[in-house]
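Below is one structure, written out as structure tokens; the observations come after it.
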Amino acid sequence: MSRYDFKNVEKKWRKRWEEKPVQQNTKDKPKYYCLDMFPYPSGSALHVGHWRGYVLSDVLSRHKVLQGFHVLHPMGWDAFGLAAENNAIKQKKHPSVSVAENITTMKRQLMEMGTIYDWDFEINTTDPAYYKWTQWVFARMFEHGLAYEQEMPLNWCPTCKVVLANEEAVGGVCERCKNPATKKNLRQWMLKITRYGERLLNDLGKLDWPEKVKKMQTDWIGKSHGAEIDFTVLGESDSIKAFTTRPDTLCGATFMVLAPEHPLVEKLTAPEYKDEVDAYVQRAASRSSVDRMADKEKTGVFIGRYAENPITKEKMPIWVADYVLYDYGTGAIMCVPGHDERDFAFAEKFGLPIVQVISTCALVGHKLKEAYTGDGILVNSGEFNGLTVDEAKKAIGAFLEKLGRGKATVNYKLRDWVFSRQRYWGEPIPIVHCEACGPVVVPDAELPIVLPDIKSYEPTDTGESPLAKIEEWVNTPCPKCKQPAKRETNTMPQWAGSSWYFLRYPDINNNDALASPEALRDWLPVDYYVGGIEHAVLHLLYARFYTKFLYDIGAVTFEEPFTTLFNIGMINYKGKKMSKGEGYGVSPDNVLPKHGCDALRLYEMFIAPPEIDCEWDDSGIEGVSRFLNKLWRLAESPKLIAPTNGLIRLRHKMVRDISTRLENLSLNTVVSGFMEHTNTLQTLAAEGIDRETIETLAVLLAPFAPHIAEEIWERMGNTDSVFAQKWPEYDPEMLKTDTIELVMQVNGKLRGHVTVPANAEKDFVLEEARKALASRLDGAEIIKSVYVPGRIINFVIKGQ
RNA sequence: GCCCGAAUGGCGGAACAGGUAGACGCAAGGGACUUAAAAUCCCUCGGUGGCAACACCGUGCCGGUUCGAUUCCGGCUUCGGGCACCA
């Protein structure tokens with residue numbers, strides 16, 4: 001009996017699979033498209049944290065092969081973008097060089113993991129043949145008015161020297177480097193994702209995605225119902241539009257606030273207040289959003305004008321204050337200090353009137369100590385007194401509409417997507433700026449616009465792309481009027497290539513379309529998508545947006561790209577997040593020589609439920625290594641006997657356990673299930689085990705530990721691959737036993753076990769139990785006897 | 001601040017649908033085999049009491065529903081995550 005020689009066995013099977021892939025005769029089988037979020041080769045190597053998702057998708061893919069599906073399980077490289085460029089700068093290498101090196105390493109690692117990626121379908125987003133189509137999608141968006149230029153204050157990361165999309169500047173902090181973002185006025189390309197806000201929200205309901213991710217996208221889109229109210233400015237022709245979710249509180253609106261960036265601030269400010277207002281506006285503009293949010297005290301200044309409350313006709317002083325955001329709603333608000341915490345704080349600080357218009361019994365007649373934001377009945381609201389909040393929303397809405405001073409509206413937090421980047425390493429935006437024609441899209445025949453190969457690609461401080469310096473590339477005739485014109489020098493963001501890549505895999509060499517209609521029909525949408533939670537509102541929102549756009553222009557026939565999404569948990573190491581950037585973490589390259597790839601695969605699953613974040617434990621992998629050795633001793637040269645009833649039942653139980661746990665994606669208990677069954681079989685090994693049990697074990701194990709499974713399968717005398725088999729089924733009838741053991745309780749406490757025939761009647765079972773518990777039940781009054789067939793008996797007694 | 005999720009031995013975790021809490025593994029301790037080591041095998045391993053059979057307590061805390069609660073309900077505490085002046 002020898003120790004399991006994982007080195008040679010794994011080498012042998014990887015070579016076999018290379019020569020003869022595990023998927024055969026796939027023509028008539030149903031399709032299954034199982035996809036990993038493709039990695040960006042920004043660091044030199046993958047760590048064991050990345051493996052967790054790749055192992056999961058590999059297990060599912062191999063399982064589907066055994067279940068008779070034709071599986072597409074491809075891999076590629078999201079190789080453009082800031083991370084890859086920063087990494088290249090750090091290494092003092094050209095991005096194309098460092099990316100190619102990183103891809104080589106990562107691909108080797110993925111192959112050593114025994115994954116069934118089909119490398120004939122490899123994608124690289126930096127390949128001009130690929131990004132031709134990334135540019136093509138942009139061109140279509142431009143034609144449909146979804147891509148537009150705008151100069152506006154944008155999130156700017158001074159460290160990365162690049163503008164950030166809203167999704168990349170959550171909390172005012174750069175998503176990549178975590179430094180505070182500032183505002184910078186720049187002309188940028190924007191994508192009108194807001195046009196899709198409602199559909200992006202509604203279609204979440206169709207998706208088999210984790211609730212958490214759906215909720216994050218819902219919150220990000222941030223739909224809220226309310227009213228837009230038009231306030232007359234006294235003595236002026238201009239009026240101020242304000243969005244509110246609480247039109248019911250209109251009679252409590254005692255002042256108004258404009259955002260500092262609001263154009264009416266300059267227009268309306270009374271001359272004697274001008275200096276003070278200008279100073280305030282300038283100060284607000286110079287501060288980062290992080291600073292502005294950090295303010296505990298409300299700030300603001302009166303602009304010397306008044307608006308009129310359309311119901312009460314009271315004069316409402318107009319202020320400017322930076323707690324009002326210019327890019328949400330209308331950038332102006334009606335302030336109801338009685339029923340809004342922020343307005344209350346502002347009113348208290350500046351001595352503005354606070355009027356209560358919503359009341360509960362408890363609140364009537366008391367001066368408000370804080371804003372009351374709850375439900376109640378209208379007071380101090382004239383003809384609307386006595387209405388509930390909900391009734392008043394409708395009634396006041398109708399009143400305003402009749403007056404022509406308001407309408408019901410919906411607002412979203414979702415903003416348009418800042419799409420251009422001031423960096424070298426990205427897809428050139430296929431636009432030419434012509435003095436006569438304006439921005440002109442590059443004709444499809446001229447795509448791809450190839451990224452020029454230049455030496456000096458470092459970012460600039462000015463917000464200008466490094467490409468702007470390459471005159472011979474920048475200067476080009478206008479595609480429309482043929483006059484001298486200039487190319488757009490900004491590039492696309494990291495997300496451009498990854499927003500549609502899943503469409504390309506089935507048809508990677510297509511030069512006439514992003515993919516043929518047949519390939520899309522045969523394979524899309526993705527059935528199962530595996531990746532980390534960090535993309536909940538970035539990549540996943542952008543990919544949904546792209547897909548919906550491509551659906552609208554007839555390029556695809558489905559509206560949602562990913563039917564099912566699985567969020568793989570993160571693996572920490574010594575309490576810290578592993579990173580490929582700093583090389584911190586555990587490399588599979590160090591684990592594989594000692595334990596082998598099957599052991600690492602099993603440990604990735606065994607470590608914790610796959611969706612949970614967990615901690616890498618260096619000694620934990622010993623357990624699965626021991627298991628593989630135990631299994632090998634069991635299956636290497638077993639004493640084969642004819643199947644006994646016990647063995648048959650055991651086999652069916654094994655199939656049931658592994659299958660149901662796998663279906664529930666409880667991969668940690670799948671592994672423990674293999675351990676349990678192997679332990680049980682070990683105790684029977686001396687007596688002998690039947691061939692079918694061992695072969696079934698090999699097939700069940702194949703998706704999880706494919707190398708040892710193939711080896712065992714072959715040692716049993718089989719000449720075909722274990723993956724040419726069918727996933728075993730179990731017969732519930734075979735799991736039944738003649739007798740069953742029941743738990744006995746007295747007053748809910750465990751008091752013993754009793755074995756009865758499986759088909760025994762209730763009365764018989766209770767009588768047996770009563771006899772078995774005689775010493776406890778004698779002399780006591782049995783108030784109730786509970787019998788749950790197959791499970792438990794409980795006597796409720798009085799006395800004792 | 002608002003929203004969401006979680007809490008089980010020294011550790012990772014298990015418990016189908018309300019029915020034996022702690023599967024499986026790690027670590028630890030003890031033992032067998034061995035000249036020795038590696039490997040393997042066996043035993044112990046939530047707490048308290050007891051020589052023991054056994055008894056009582058025990059799934060973050062308090063309460064409720066139930067014959068029976070880790071599981072359901074109400075109220076807290078702590079930790080993690082998301083958003084954050086979104087009108």
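Quick caveat, the model's predicted, so the values are computed rather than measured. Residue numbers start from 1 in every chain, and the chains themselves are labelled A, B, ... in the order their sequence lines are given, proteins ahead of strands.
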Inset, instruction - When you get a sec, tell me which of C56(B), C24(B), U20(B) is the closest nucleotide to the side chain of M675(A)? - result: C24(B)

Legend entry - Distance, P atom - from A15(B) to A36(B), rounded to whole angstrom: 44 Å

Legend entry - Where at least one partner belongs to residues 208-220 of chain A, residue pairs that pass salt bridge (Lys or Arg N to Asp or Glu O under 4.0 Å), sequence neighbours excluded: E211(A)-K214(A), K215(A)-D219(A)

Inset, instruction - In plain terms, say whether K223(A) and E198(A) are close enough for a salt bridge, that is, a side-chain N and a carboxylate O under 4.0 Å apart. - result: yes

Legend entry - Flag for Y573(A)-D617(A): side-chain donor and acceptor within less than 3.5 Å: no

Inset, instruction - Have a look at K298(A) and say if it touches a base, only the backbone sugar-phosphate, or nothing, with a 4.0 Å heavy-atom cut-off. - result: base

Inset, instruction - List in chain and number order the residues that pass salt bridge (charged side-chain N to carboxylate O under 4.0 Å, His left out) with E767(A), two or more places apart in sequence or in another chain; answer none if no residue qualifies. - result: R770(A)

Inset, instruction - Tell me whether G58(B) sits syn or anti, counting syn as a glycosidic angle within 90° of 0. - result: anti

Inset, instruction - Could you pick out which residue, Y326(A) or V537(A), lies toward the 5' side of RNA chain B when each is mapped onto its nearest nucleotide? - result: V537(A)

Inset, instruction - Could you measure between the two P atoms, the one in G81(B) and the one in G10(B), and give it in whole Å? - result: 25 Å

Legend entry - Heavy-atom donor-acceptor pair, K413(A) side-chain to C83(B) base, under 3.5 Å: no

Inset, instruction - Using a 3.5 Å limit on both pairing distances, list the dot-bracket string of RNA chain B from the 5' end; Watson-Crick and G-U wobble pairs count, crossing pairs take [ ], interstrand pairs take |. - result: (((((((..(((......[....))).(((((.......))))).((((....))))..(((((..]....))))))))))))....

Legend entry - Letter per nucleotide, 5' to 3', of nucleotides 65-74 of chain B [B base touched, S only sugar-phosphate touched, - untouched; heavy atoms, 4.0 Å]: --B-------

Inset, instruction - Please state the C1' separation for the pair A6(B) and G13(B) - nearest whole angstrom. - result: 14 Å

Inset, instruction - Return yes if a side-chain donor-acceptor contact under 3.5 Å exists between S239(A) and D230(A), otherwise no. - result: yes

Legend entry - Presence of salt bridge, K394(A) and D390(A), under 4.0 angstrom: no

Legend entry - Cationic tip of K298(A) above Y323(A) ring, under 6.0 Å, 45° of axis: yes

Legend entry - Side-chain ion pair, K736(A) and E733(A), N-O less than 4.0 Å: yes

Legend entry - Protein-to-nucleotide contact annotation, 5' to 3' order, nucleotides 1-13 of chain B [B base; S sugar-phosphate only; - none; under 4.0 Å, heavy atom]: --S--------BS

Legend entry - G74(B) and C51(B), which share atom name P, separated by this distance in whole Å: 48 Å

Inset, instruction - Would you mind telling me which of A87(B), C57(B), G19(B) lies closest to the side-chain atoms of R791(A)? - result: G19(B)

Inset, instruction - Kindly say if Y323(A) contacts the phosphate of A87(B), meaning a side-chain N or O under 4.0 Å from OP1 or OP2. - result: no

Legend entry - Electrostatic pair R176(A):E168(A) at N-O distance under 4.0 angstrom: no

Inset, instruction - Would you please confirm or rule out a distance under 4.0 Å between OP1 or OP2 of C41(B) and any side-chain N or O of R633(A)? - result: yes

Legend entry - Proximal nucleotide (of C83(B), U20(B), A23(B)) relative to the E676(A) side chain: A23(B)

Quick test: give all pairs of protein nitrogen or oxygen and nucleotides 42-45 of chain B nitrogen or oxygen below 3.5 Å, distance rounded to 0.1 Å.
none

Legend entry - L200(A) vs Q217(A), side chain to side chain contact (heavy atoms under 4.5 Å, CB included): CA-CA, chis, key distance, verdict: CA-CA 9 Å; L200(A) 288 167; Q217(A) 292 211 354; 5.8 Å; no

Legend entry - Distance between P atoms of U44(B) and C24(B) (Å, rounded): 12 Å

Inset, instruction - Report the residue (V170(A) or A332(A)) whose heavy-atom-nearest nucleotide on RNA chain B is the more 5′ of the two. - result: V170(A)

Legend entry - Close aromatic pair by centroid cut-off 6.0 Å: F255(A) and W319(A): no

Legend entry - is_close_aromatic(Y603(A), W51(A)), centroid dist under 6.0 Å: no

Inset, instruction - Indicate, with a heavy-atom threshold strictly under 4.0 Å, whether D322(A) touches base, sugar-phosphate, or nothing. - result: base

Inset, instruction - Using the P atom on both, measure G25(B) against C42(B) and round to a whole Å. - result: 11 Å

Inset, instruction - Assign S785(A) to base, sugar-phosphate, or nothing according to its heavy-atom contacts below 4.0 angstrom with the strands shown. - result: nothing

Inset, instruction - Respond yes when some side-chain nitrogen or oxygen of S666(A) is under 4.0 Å from OP1 or OP2 of A14(B), and no when none is. - result: no

Inset, instruction - Quick one: label R751(A) by what it contacts on the DNA or RNA (base, sugar-phosphate, nothing), any heavy atom closer than 4.0 Å. - result: sugar-phosphate

Legend entry - Separation between the P atoms of G30(B) and A23(B), rounded to whole Å: 22 Å

